[in-house]
Amino acid sequence: MDGTIFLFLLQDGVINGAVYALVAIALVLVFGVTRVILVPQGEFVAFTALTVAALENGNAPPTAWLLLALGGLAAISELVRHFRDLTVRRLVRIALFDLALPVALLLLTRALAPMKLGQVANILLAITLITPMGPMIYRIAFAPIAHSSVLVLLMASFGVHFSLMGLGLVFFGPEGTGTAPLSSQSFALGDLVVTGQSVAVVAVTGLLLVLFAIFFGRTLLGKALRACSSNRIGARLVGIPTGAAGQIAFALAALLGAVSGVLVGPLMTVAYDSGFLIGLKAFVAAILGGLVSYPLTVLAALGVGFAEALFSFWASNFKEVLVFTLIIPVLAWRSVYAPHAEEAE
Amino acid sequence: MTAPLLDVRGLSVAYGRAEVVHDVSIAVTQGALVTVIGANGAGKTTLLNAIMGLLKARGRIEFRGADVSSVALESRVKAGLCLVPERRELFADMPVEDNLLLGGFRRTRAERSQTIEQIYARLPRLKERREQLAGTLSGGERQMLAMGRALMARPTLLMLDEPSLGLAPRIVRDVFHILTDLRQTGVSILLVEQNARAALEVADYAYVMELGAITKQGSPTDIAQDPRLVESYLGLGGNEY
């Protein structure tokens with residue numbers, strides 16, 4: 001391997017790693033606030049890429065119907081759970097958020113899709129369709145069992161993952177597709193050809209990470225979310241509604257997943273089930289970050305991306321195995337030296 | 001007499017099938033410092049947690065004239081009910097100042113910045129340590145921070161669970177000094193303590209809790225003279241804390 005190949009692999013690794021980083025910090029965030037290990041995080045990624053692809057072809061994406069289906073389920077779940085203490089406020093919220101919003105987005109996508117409004121509009125529409133799915137899924141699957149053990153939540157999380165995969169197959173079909181690159185330009189940097197796509201990936205990821213750092217470090221809402229993961233009882237005692245915090249965490253996770261989907265769409269062929277592997281690699285990074293530390297997680301995600309690039313050069317048949325094998329020595333080392341998330345209560 | 005600020009009637013709490021608090025009725029009048037004393041395991045912490053809304057309970061909890069027994073915890077905080085729990089439950093990986101600011105989560109930005117200055121004035125130690133992570137504080141400082149965080153919510157009724165637990169005698173004195181000081185500002189206090197002697201010294205009214213039920217109530221002087229209670233809770237020697 002000479003220097004040029006190394007630089008190419010490094011570029012590849014950074015691009016992969018940047019996407020894993022976005023997915024991984026979503027996992028850390030959701031775990032911190034709700035103790036849920038969000039197995040279906042990858043589905044947000046895949047569904048977004050498929051939505052953008054449908055819009056590029058001028059088709060109304062089935063995502064809008066999926067959103068309506070989830071909205072309906074969330075409304076039913078909410079009504080059943082709060083049957084005894086239904087208030088007008090809650091009813092209005094259910095009607096607006098779970099029913100009116102999906103219907104409005106459905107009509108909007110059906111009107112806009114044939115017009116082929118261009119890349120920016122497609123991306124914004126896809127993100128708008130995916131993000132509300134986060135809180136809906138939280139209210140369907142996790143809010144009713146919010147106080148259960150991590151293991152129960154994990155099983156529910158796998159249940160959601162398999163359900164979404166099934167729904168994905170129904171709504172999107174088995175075909176894989178790719179999306180147009182965010183930028184088709186490229187420029188030479190010495191021997192290295194840098195594509196506009198890779199610059200876009202790194203720039204968007206960097207920007208999002210900075211915005212997140214500001215949100216969690218400076219705003220009261222961000223601090224309240226951190227407080228939920230720092231001490232759940234303490235957070236409840238100061239009056240932070242932990243259910244709402246969970247929904248916000250899920251919305252942010254879906255948003256991060258959607259942005260990752262926009263970024264990976266042009267890089268690979270995405271099918272309804274492609275998300276799981278992305279989620280799993282991001283999970284490796286999240287574990288390396290101890291499921292608590294955001295900077296460590298981002299660093300680990302870049303490491304996972306780079307390792308993947310190296311392994312696909314050296315032993316492409318074994319690249320997945322090798323990436324997942326990496327976790328063992330690191331876990332052994334961390335279990336001795338590093339702090340880790342402990343289950344409270 | 002006006003209606004009490006907090007009026008708990010017939011409160012029972014069970015963990016699964018085991019009932020640990022049976023039919024407890026207590027009241028706190030506006031501006032009073034009321035204490036519930038009793039041995040370890042008498043159900044005092046459970047009682048406070050149920051009043052706060054951390055635990056489900058049967059019975060009626062009236063706060064400021066409204067029934068709050070089916071009201072969510074965060075709305076009870078907003079209404080002015082606040083608990084400093086036995087284990088403090090601080091945000092250990094966040095700075096002292098963030099812990100305090102989050103205490104005022106239910107208040108407006110203006111109220112938060114005003115209250116935090118008052119708390120810094122009252123507890124200057126916290127101001128010195130404002131940048132420090134809560135998890136690195138000493139036991140006494142943690143208790144101060146837990147109280148400060150609760151005060152940030154501008155409570156009408158402050159409930160404290162064993163504020164003296166695990167603290168050196170000098171710091172216990174500080175804590176109780178702060179409590180009496182607070183009462184001067186109009187905050188009503190419900191204090192749960194194992195350190196019965198110290199609690200009875202500062203309280204206006206006292207309840208004795210044994211095996212999940214209130215067995216005696218009255219003025220602190222009456223309670224302190226009850227021979228059986230003296231033997232069980234007050235000890236024969238000096239202050240063991």
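So you know, we letter chains A, B, ... as the sequences are listed, proteins then strands, and number each from 1. Note: hydrogens, waters and symmetry copies are ignored here, and every other heavy atom, side chains too, is used.
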Supply the atom-to-atom distance A/Ser230 OG to B/Asn99 CG, rounded to the nearest 0.5 angstrom.
-> 7.5 Å
Report the C-alpha distance between A/Leu220 and B/Arg112 in whole Å, list the side-chain angles of each, state the deciding distance to 0.1 Å, and finish with yes or no for side-chain contact (heavy atoms from CB on, under 4.5 Å).
-> CA-CA 11 Å; A/Leu220 190 72; B/Arg112 271 198 301 276; 3.3 Å; yes
Picking from B/Arg149, B/Arg88, B/Arg76, which has the most non-hydrogen pairs under 4.5 angstrom with chain A?
-> B/Arg149
Distance in Å, A/Asn231 CG paired with B/Met94 CE, rounded so as to fall on 0.5 Å steps = 11.0 Å
Check each atom of B/Ala153 against the heavy atoms of chain A and say whether the ones under 4.5 Å are side chain, backbone, both or neither.
-> neither
For A/Arg81, look at atom CZ and say whether over 12 heavy atoms of other residues, nucleotides or ligands are found less than 6.0 Å away.
-> yes
Where A/Pro241 and B/Phe105 come nearest, the two heavy atoms and their spacing | CD-CE2, 3.8 Å
CA sep, side-chain torsions, deciding dist, call: B/Leu54, A/Ile233, side-chain contact (heavy atoms from CB on, under 4.5 Å) | CA-CA 8 Å; B/Leu54 280 170; A/Ile233 296 175; 4.2 Å; yes
Could you tell me the separation between the CG atom of B/Leu102 and the NZ atom of A/Lys223, rounded to the nearest 0.5 Å?
-> 7.5 Å
Drop me the distance from B/Phe91's CZ to A/Ser229's OG, to the nearest 0.5 angstrom.
-> 9.5 Å
If you round to the nearest 0.5 Å, how far is CD of B/Glu89 from CG of A/Leu237?
-> 7.0 Å
Count the heavy atoms of every other residue, nucleotide or ligand shown that sit under 6.0 Å from NE2 of B/His177, and state whether that count exceeds 12.
-> no
